*Asks:* 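Supplied in structure tokens, the structure appears directly below.
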There are 2 protein chains.
Amino acid sequence: MARWHAIAAELREAIRSGAYPPGTKIPKEEELERQFGCSRTTVRRAVAQLTAEGLLQPVRKGGTTVREHPPRQRLTRARQVYRDERGYYFDPTAQPWAAVETPTVSLGPVPYDIARILGVEPGEEVVIRSRVMGHPDTKTPTQLATSYLPASVARGTVLAEPDTGPGGIYDRLEEMGRGPLAWSESVVAAIPTEPEQEALHLPPGVALLRIVRVTRASDGQVVEVNDTRMSGELWEIGYQLERHQSAHPSS
Amino acid sequence: MARWHAIAAELREAIRSGAYPPGTKIPKEEELERQFGCSRTTVRRAVAQLTAEGLLQPVRKGGTTVREHPPRQRLTRARQVYRDERGYYFDPTAQPWAAVETPTVSLGPVPYDIARILGVEPGEEVVIRSRVMGHPDTKTPTQLATSYLPASVARGTVLAEPDTGPGGIYDRLEEMGRGPLAWSESVVAAIPTEPEQEALHLPPGVALLRIVRVTRASDGQVVEVNDTRMSGELWEIGYQLERHQSAHPSS
DNA sequence: CAGTGGTCTAGACCACAAC
DNA sequence: TTGTGGTCTAGACCACTGA
């Protein structure tokens, strides 16, 4: 077992056991160096590991502190899609989110993993609509939402404009004769990329929670893939399970 | 911008753009050293970053290859809980999972985050039931499932035994007069700890997908918290959204 | 402004796996 | 057997930020 591995394990156990409660500081690097009888590089390797696990948070001059984990907020997903005079609501209990910046719309290559869902070739040009969602007052970014639409569906239409009008792209798609629409969602866990870390102000050691929503037209064609990403530390997706006393359905 | 940061960005872009397709090798460290005109430590710092992001996979002697991401399997969650003569089924479309080892049962301190849900003091002793789920044939571990039950509910009962009999703990809880039971689930993304990485054979750069299921008795008391963890790269949680054309429900 | 973590170097030896 | 990544050292300078 590598030296740094053993040091990390020892520090991890000390933290878990409460020897260093959240919010307190662990000894500075120079001291750990003496304590474990190794070079600074080795100490730093161990501290880096625990930082990547979200247990530590080094601050220049302030020392390295044990991270306090904020409470998670529950994001309830309804199984029904409600509609009012303004548009669609996927979540009747939604937080008051709003676009922090104006959405950016561009024509660009489709990411590899989205291509398969959209049913287009990897690298093919699609319409990409990106927006940052956040609290309407504080403007703190909480979600990155990106929509991908096949060029054959969206190019040259209002769907490729920043402002899609009241109700958004789903109303427009229905008006274009694509409806009625159907959606399915997936929840995915991932490691954030650096740009995502920056945009969402994610500290190291925090995972990414992604909701991938697929919109299908009435003929079954996938007309949109929406990829919404948020902090895996601050959010959880919740839903209720109902009881069903009948026999197991035939499979 | 730090040198290693710039190198990581350059390599990341080269990978994303397809200059190094998945499965191919990037130049060896010595060559990158010359290419970027820096020390080996700096190169390694950049490679470590991309490894943590799940983009690279260094192999001794084999060089460092660009990781190929396996397809994700969809784990469909039903909203209804079905019951047959054998017990409860949370998932009518479930994969054929089975316990890889016999479940371990112990009395131990409740983890900090579970304590709040369970409504007990942090560190209080609770009944902990752990099992590794995997494919019945290959025995490959795919899920770590841990149940936490308050000592006041489970201690001294069959719920604290490894074998809880046909139907499992939910049937036993109902027989103990706690039913009818109700469940709610949350999906959470997290960074795996080292033991979890090992148990699930997670390569570096893969997040953890957690399903936290809370069981309540008919009187509202939380009688069980189940924490199921699996690879965030191999699994996704999916569910369908239904259409509801009525007006938005009053909030 | 001073102390802490952040970055970087040059060099050494080790261990594993492909050949 | 050998080449590759894995570990570790001793030392230097930098830059941010809290006291």
Side-chain angles (χ1 to χ4, degrees), chain A residues 1-12 14-15 20 22-68 194 197-198 201-205, chain B residues 1-12 14-15 20 22-68 194 197-198 201-205:
Chain A
M1 188 188 224
R3 193 89 184 84
W4 71 262
H5 209 277
I7 296 174
E10 195 163 324
L11 285 176
R12 191 187 295 113
I15 292 169
Y20 299 116
T24 63
K25 290 196 278 199
I26 67 170
K28 62 184 177 189
E29 293 182 355
E30 186 200 337
E31 226 167 288
L32 292 174
E33 209 173 316
R34 271 181 302 152
Q35 185 176 325
F36 291 105
C38 64
S39 77
R40 188 175 164 217
T41 310
T42 306
V43 166
R44 284 182 60 76
R45 181 68 189 82
V47 170
Q49 171 66 30
L50 298 183
T51 303
E53 290 180 14
L55 284 175
L56 294 178
Q57 184 171 45
V59 176
R60 269 191 245 234
K61 168 73 177 185
T64 298
T65 64
V66 179
R67 264 192 84 206
E68 310 188 68
E194 280 210 315
Q197 265 185 358
E198 244 182 286
H201 300 152
L202 298 182
Chain B
M1 189 188 225
R3 192 90 184 84
W4 72 263
H5 209 276
I7 295 173
E10 195 163 322
L11 285 176
R12 191 187 294 113
I15 293 169
Y20 300 117
T24 64
K25 290 196 278 198
I26 66 169
K28 62 184 177 188
E29 294 182 353
E30 186 199 335
E31 225 167 288
L32 292 173
E33 210 173 313
R34 271 180 301 151
Q35 186 175 327
F36 291 107
C38 63
S39 77
R40 187 173 165 217
T41 310
T42 306
V43 166
R44 283 182 61 75
R45 181 68 190 83
V47 170
Q49 171 67 30
L50 299 184
T51 303
E53 289 179 15
L55 284 176
L56 294 179
Q57 185 171 41
V59 176
R60 271 192 246 234
K61 168 74 178 185
T64 299
T65 64
V66 178
R67 262 191 85 208
E68 309 187 69
E194 280 210 316
Q197 264 184 359
E198 243 181 285
H201 300 152
L202 298 182

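Below, chains carry the letters A, B, ... as their sequence lines are ordered, and counting in each starts from 1. All figures in this text were calculated on a predicted structure; none of them were measured in a lab.
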*Asks:* Please tell me which of B/Cys38 and A/Glu29 maps to the more 5' nucleotide of DNA chain C, matching each residue to the nucleotide holding its nearest heavy atom.
*Replies:*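 Upstream on the strand: A/Glu29.
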*Asks:* Is the shortest side-chain heavy-atom distance between B/Thr24 and B/Thr65 below 4.5 Å?
*Replies:*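 Side-chain contact under 4.5 Å: no.
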*Asks:* Between the protein and nucleotides 11-13 of chain C, which nitrogen or oxygen pairs are less than 3.5 angstrom apart?
*Replies:*
unit_1, atom_1, unit_2, atom_2, d
C/dA12, N6, B/Arg40, NH1, 3.4

*Asks:* Of the options C/dT4, D/dC8, C/dC8, whose atoms approach the side-chain atoms of A/Ala2 most closely?
*Replies:*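 For the A/Ala2 side chain, the nearest candidate turns out to be D/dC8.
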*Asks:* With no hydrogens and no angle check, is any side-chain donor or acceptor of A/Arg67 less than 3.5 Å from a backbone partner on A/Pro203?
*Replies:*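 The answer is no, because no donor-acceptor pair under 3.5 Å joins these two groups.
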*Asks:* Tell me: NE2 of B/His5 to C1' of C/dC8, nearest whole Å?
*Replies:*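 After rounding, the reported distance stands at 16 Å.
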*Asks:* Using a heavy-atom cut-off of 4.0 Å across all strands, would you classify B/Arg3 as base, sugar-phosphate, or nothing?
*Replies:*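 Sugar-phosphate: the residue B/Arg3, judged by heavy atoms under 4.0 Å, touches backbone atoms but no base.
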*Asks:* Looking at A/Glu53 and A/Gln49, what are the two nearest heavy atoms and their distance?
*Replies:*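 Nearest heavy atoms, A/Glu53 then A/Gln49: OE2-NE2, 2.7 Å.
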*Asks:* Whole angstroms only, please: what is the CD-P distance between A/Gln57 and D/dG18?
*Replies:*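 Value for this atom pair: 11 Å.
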*Asks:* With a 4.5 Å limit on heavy-atom distance, are the side chains of B/Phe36 and B/Glu10 in contact?
*Replies:*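 Of all side-chain heavy-atom pairs linking B/Glu10 with B/Phe36, at least one is under 4.5 Å.
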*Asks:* In whole angstrom, give the distance that lies between atom CZ of B/Arg44 and atom P of D/dG5.
*Replies:*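 Atom-to-atom, B/Arg44 to D/dG5, this comes out as 8 Å.
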*Asks:* I need the CD1-C1' distance between A/Ile26 and C/dT4, as an integer number of Å.
*Replies:*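 Those two atoms, CD1 and C1', are 12 Å apart.
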*Asks:* Can you measure B/Trp4 atom CH2 to C/dT9 atom P for me and round it to whole angstrom units?
*Replies:*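 Computing the B/Trp4:CH2 to C/dT9:P distance gives 14 Å.
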*Asks:* Mapping A/Lys25 and A/Val43 onto DNA chain D by nearest heavy atom, which one lands closer to the 5' end?
*Replies:*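 The residue closer to the strand's 5' end, by nearest nucleotide, is A/Val43.
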*Asks:* Please give me the minimum heavy-atom distance between A/Cys38 and A/Ile7, naming the atom from each residue.
*Replies:*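 Looking at all heavy atoms of both residues, the shortest contact is SG-CD1, 3.8 Å.
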*Asks:* Could you state the CD-C1' distance from B/Glu30 to D/dT2, rounded to the nearest angstrom?
*Replies:*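 Taking atom C1' of D/dT2 as the reference, CD of B/Glu30 is at 14 Å.
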*Asks:* Rounded to whole angstroms, how far apart are CD on B/Glu31 and P on D/dG5?
*Replies:*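 Going from CD in B/Glu31 over to P in D/dG5 covers 10 Å.
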*Asks:* Testing the basics here: between B/Gly62 and B/Lys25, what is the closest heavy-atom pair and its distance to 0.1 Å?
*Replies:*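 Shortest heavy-atom separation between B/Gly62 and B/Lys25 comes out as O-CD, 2.9 Å.
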*Asks:* So for atom CD, which belongs to A/Glu198, do other residues, nucleotides or ligands contribute more than 12 heavy atoms lying within a distance under 6.0 Å?
*Replies:*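 No.
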*Asks:* State, with a plain yes or no, whether a side-chain heavy atom of B/Glu29 is found less than 4.5 Å away from one of B/Arg44.
*Replies:*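 Side chain of B/Glu29 against side chain of B/Arg44, heavy atoms only: contact under 4.5 Å found.
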*Asks:* Spell out, as yes or no, whether a donor-acceptor pair under 3.5 Å connects the side chain of A/Thr51 to the backbone of A/Val47.
*Replies:*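 Confirmed, A/Thr51 side chain pairs with A/Val47 backbone.
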*Asks:* Without decimals, in angstroms, what is the distance between A/Lys28 NZ and C/dG5 C1'?
*Replies:*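 These atoms are roughly 11 Å apart.
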*Asks:* Just to be sure I understand the geometry, which residues of residues 58-68 of chain B put a non-hydrogen atom under 4.0 Å away from DNA chain D?
*Replies:*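 Nucleic-acid contacts, sorted: B/Pro58, B/Val59, B/Arg60, B/Lys61, B/Gly63, B/Thr64.
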